Amino acid sequence: MEKACSLLIDFEKGTPALANEIKLALEGNNVANKVEAMKKAVMLLLNGETLPQLFITIVCYVLPSKDHAIQKMLLLYLEIVDNTDSKGKVLPEMILICPNLRNNLQSSNEYIRGVTLKFLCRLNETEIIEPLIPSIFLNLEHRHPFVRRNAILAVMSVYKLPHGEQLLVDAPEMIEKALSSERDPSAKRNAFLMLFTCAQERAISYLLTHVDSILQWGELFQMVVLELIRKVCETNRGEKGKYIKIIISLLDAPSNAVIYECAGTLVSLSSAPTAIRAAANTYCQLLQCQGDYNVKLIVLDRLNELKNSRREIMVDMIMDVLRALASPNLDIRRKTIDIALELIAPQNIYEVIQALKKEVVKTQSTELEKNEEYRQMLVQAVHSCAIKFPEVASTVVHLLMDFLGDSNVASAMDVVVFVREIIEYNPELRVAIVSRLLDTFYQIRAARVCSCALWIIGEYCLSLSEVESGLATIKQCLGDLPFFTVNKEGDGADTSKPLQQVNSITVTYRRPAILADGTYATQSAASETFLSPPTLVQGSSTSCGSLRSLILIGDFFLGAVVACTLAKLILRLEEVQPSKPEVNKASSQALLIMVSMLQLGQSSFPPHPIDNDSYDRIVLCIRVLCNTGDMIRKIWLQSCRGSFVKMLADKQFRETEDIKAKAQISHAQADDLIDFYHLKGRKVSPRIGRDLKHATGEVTGDGDDANKLNHILQLTGFSDPVYAEAYVTVHRYDIALDVTVINHTKETLQNFCLELATMGDLKLVERPQNYTLAPESSKQIRGNIKVSSAETGVIFGNIVYETSNVMERTVVVLNDIHLDIMDYISPAACADVAFRTMWAEFEWENKVAVNTAIQDEKEFLNHIIKSTNTKCLTAPSALDGDCGFLTANLYAKSVFGEDALVNVSFEKQIDGKLSGHIKIRSKNRGIALSLGDKVTLKQKGVAV
């Protein structure tokens with residue numbers, strides 16, 4: 001069993017000096033050298049060295065010193081040095097320190113008395129403490145409170161020893177008397193703590209006698225009172241009524257720490273609505289008055305727990321929770337919004353929407369840090385509210401549409417997706433939304449947002465006026481045709497000005513204006529937009545400021561979307577426009593626009609020519625307008641909308657199923673047998689250790705014992721003089737190595753040490769100490785390693801030992817231990833927009849070619865999902881059918897908050913084999929490489 005450690009000092013420099021150098025410095029007369037030598041000795045002891053030869057030197061040369069620094073280091077040394085032998089008996093030489101400790105307890109300096117009493121609290125050897133008991137009692141009446149409070153703690157620690165009650169028979173009575181006459185708050189707290197720990201009835205009697213003055217007690221004293229109440233109520237829940245009154249009175253304490261503990265105690269002791277409401281009010285007050293961000297996050301965690309257990313009470317507190325949005329910290333705002341969204345109910349939805357609208361307006365007027373990200377969160381929150389309660393959609397949709405031209409593409413994309421869903425779920429808002437969208441279309445600057453807005457215009461412009469307005473808006477945003485001109489100079493040769501030399505494009509916009517008499521009119525404005533160099537602008541993620549400029553810099557995907565929208569509008573115009581000439585006129589203008597885009601794409605003006613897919617789509621639109629029929633009209637005007645409706649229904653169905661699945665999780669059945677294995681014999685005691693793992697959050701299962709062999713790694717060969725193997729236990733941020741070493745030789749191995757080192761984001765917590773290994777014996781050595789990233793790390797090292805025959809140290813090199821990334825990532829959900837945003841931002845990509853014996857597309861996809869421990873974000877309806885091609889997005893998140901994005905894209909060849917690629921992107925290079933190696937390893941050797 002490992003020894004308990006009461007002292008931790010960060011020390012990474014290895015062995016600072018040899019024991020002989022420390023000994024020489026201690027024997028000298030220089031005080032500074034002695035202090036430094038004692039520091040080195042303490043650090044060596046903490047790092048596993050025993051240093052048995054130093055004890056007598058310290059007793060002779062350090063113990064008599066009167067210097068405070070030396071005495072302090074001496075007490076630290078005595079605290080961590082081994083006081084007992086292998087049989088648990090006190091070492092005889094430890095008796096030598098008793099006179100010095102007695103002199104310190106009777107010293108005229110209160111500091112020496114206090115630190116010595118504090119040291120005695122960490123001694124567990126009765127043989128050393130028993131001669132000092134009279135001196136400890138004398139310090140209970142010392143004039144200085146520092147000495148008295150440490151004397152009380154020393155009495156408590158001695159009383160808790162195995163035979164402490166016989167040594168201090170009258171201790172509770174003396175402490176109770178000291179508590180009544182004590183005036184120092186810290187000393188009173190220690191005295192009450194001693195009664196609470198050793199004589200609980202006396203502590204309860206004192207508390208109930210002085211309950212009226214409890215608010216005047218100090219913060220530390222009140223915290224001990226709450227701890228006493230929790231312990232008493234756990235053992236005797238019938239008496240919790242009188243203690244809850246004390247807790248409620250402590251809610252008026254001036255200390256925020258006491259108030260926080262009171263709220264937590266109320267929740268743990270009572271399930272009454274009044275108690276829960278009082279605790280929730282307390283948390284909300286702390287949320288407002290606390291300025292520390294970490295405290296706010298902790299309080300929000302407590303509110304989240306209350307929300308999960310007593311949602312009906314927390315629904316009324318939602319506006320108090322939303323006041324935390326005043327904090328500028330983005331994590332606090334995100335957690336606040338998450339809690340509020342789960343507390344939305346019909347009775348508070350309008351108040352929540354008003355609060356969110358005010359916050360959205362604030363993001364417009366102020367320039368705070370991460371203001372755009374906050375606006376995006378608010379837009380997503382409003383979106384969720386409008387989906388759950390469609391009656392509030394009309395109050396927010398017009399406000400959010402002002403952000404279609406937001407510089408933050410993600411926020412603008414959230415707005416347009418929100419508009420697209422609202423216009424489908426709320427047909428009564430269609431006319432108003434379409435009209436507002438047409439008026440604000442010129443403000444859109446991002447190509448992705450523009451594409452979605454064009455789709456809405458093409459699908460939901462139904463009346464004649466809406467169709468004509470849609471066509472006019474698109475034409476105005478495209479500007480005059482053609483998109484480029486050819487100038488003739490000199491002898492008639494055609495020379496053209498390339499796009500790289502164009503500095504600006506002048507586009508005319510229209511927007512509504514209010515005249516002096518209150519009537520509306522159309523106002524035209526000329527705006528000059530400067531183009532970025534083509535090398536800085538890539539595809540559809542460009543954000544320039546007008547539809548024309550986006551197409552001119554080479555975004556032909558957007559051009560294809562414009563062509564499809566024009567085709568839909570012309571087809572619908574044929575249905576609603578009785579005048580055939582007007583239809584032909586509009587159709588010819590749309591065809592001219594499409595032909596101009598094709599001409600632009602095939603010219604040398606854009607930074608790159610038009611791609612084949614966009615070219616084919618524009619040509620298809622031209623053919624549709626030239627040869628319309630009932631079947632084509634049905635496909636373009638009905639099937640597209642039907643696919644979108646099906647997608648929304650599938651999305652809603654998946655969300656509902658996820659909620660049902662979470663609600664149906666059962667940890668135990670009602671008719672399961674109860675196994676009271678703690679009351680059985682010692683044969684089942686290992687299960688208690690498993691319970692401790694559950695309590696600390698480690699995930700264990702019924703098959704852990706059977707699968708333990710899978711986690712054992714061989715570190716040395718069987719022919720090596722020392723055989724070593726390690727059992728690796730991964731627990732989130734920690735790795736525990738249980739190394740078993742076996743001495744195969746006939747000699748005693750001295751100074752046997754397991755030296756470990758790490759590579760990657762790993763850090764060795766402590767260096768294993770030295771051992772002596774008998775011939776053909778074994779030893780269990782534990783190593784603890786901290787993990788700070790999901791990147792693949794490597795643990796390596798060697799075993800070093802000495803023998804009596806060989807003077808040099810022998811080194812046995814260990815095999816490397818490679819950590820598995822699967823232990824740190826887990827499946828997670830992510831919105832499609834967020835996935836695409838991260839895909840565009842993350843710079844590390846690992847591309848793995850598909851190489852498998854599996855011939856079924858869906859079977860291979862499920863195999864990749866299981867092998868990479870990811871979740872498929874692509875809807876099941878999108879994977880239906882058998883077309884010989886499959887593409888899907890997978891997502892996982894590490895325990896450190898790192899994202900892992902996977903895109904699977906492959907097709908079936910003529911011979912039945914699958915070919916394609918699996919792309920992995922991450923913000924960190926290590927995750928992309930590690931996950932790619934895992935995919936490469938898992939997809940090979942799989943049978944059909």
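Model, not experiment: these values are computed from the prediction.
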(request) Would you please test I927 and I920 for side-chain contact (heavy atoms from CB on, under 4.5 Å) and show each step? (result) CA-CA 9 Å; I927 294 180; I920 302 157; 5.8 Å; no

(request) Write out all pairs satisfying side-chain hydrogen bond (donor to acceptor under 3.5 Å, both in side chains) with one or both partners inside residues 567-577, taking only residues at least two apart or from two chains. (result) E459-K568, E468-Q577, E574-R633

Within the 4.5 Å heavy-atom criterion, are [X] and [Y] side-chain neighbours or not?
X	Y	answer
S922	D899	no
F835	L901	yes
W455	F644	yes
P606	I553	no

Are more than 12 heavy atoms, taken from residues, nucleotides or ligands other than [X], located less than 6.0 Å from that residue's [atom1] atom?
X	atom1	answer
N862	CG	yes
K913	NZ	no
K357	NZ	yes
N612	CG	no

(request) Classify the side-chain pair S614/D611 by whether it contains a donor and acceptor separated by less than 3.5 Å. (result) yes

(request) Say whether E424 and Y460, considering side chains only, have a donor N or O and an acceptor N or O under 3.5 Å apart. (result)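 A donor-acceptor contact under 3.5 Å links the two side chains.
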
(message) I'd like to know if the side chain of R548 reaches the main chain of D480, judged simply by a donor and an acceptor atom lying under 3.5 Å from each other, with no hydrogens or angles considered.
(response) yes

Anything under 3.5 Å between a donor and an acceptor, one on a side chain of residues 414-422, the other on a protein residue two or more places apart or in another chain? List them.
from: D414; atom 1: OD2; to: Q376; atom 2: NE2; distance (Å): 3.2
from: D414; atom 1: OD2; to: Q380; atom 2: NE2; distance (Å): 3.0
from: E421; atom 1: OE1; to: H383; atom 2: NE2; distance (Å): 3.1
from: E421; atom 1: OE2; to: K651; atom 2: NZ; distance (Å): 3.0

(message) Please evaluate residues L437 and I423 with respect to the criterion side-chain contact (heavy atoms from CB on, under 4.5 Å), reporting the C-alpha separation (whole Å), side-chain torsions for both, the decisive distance (0.1 Å), and the verdict.
(response) CA-CA 11 Å; L437 180 60; I423 201 173; over 6 Å; no

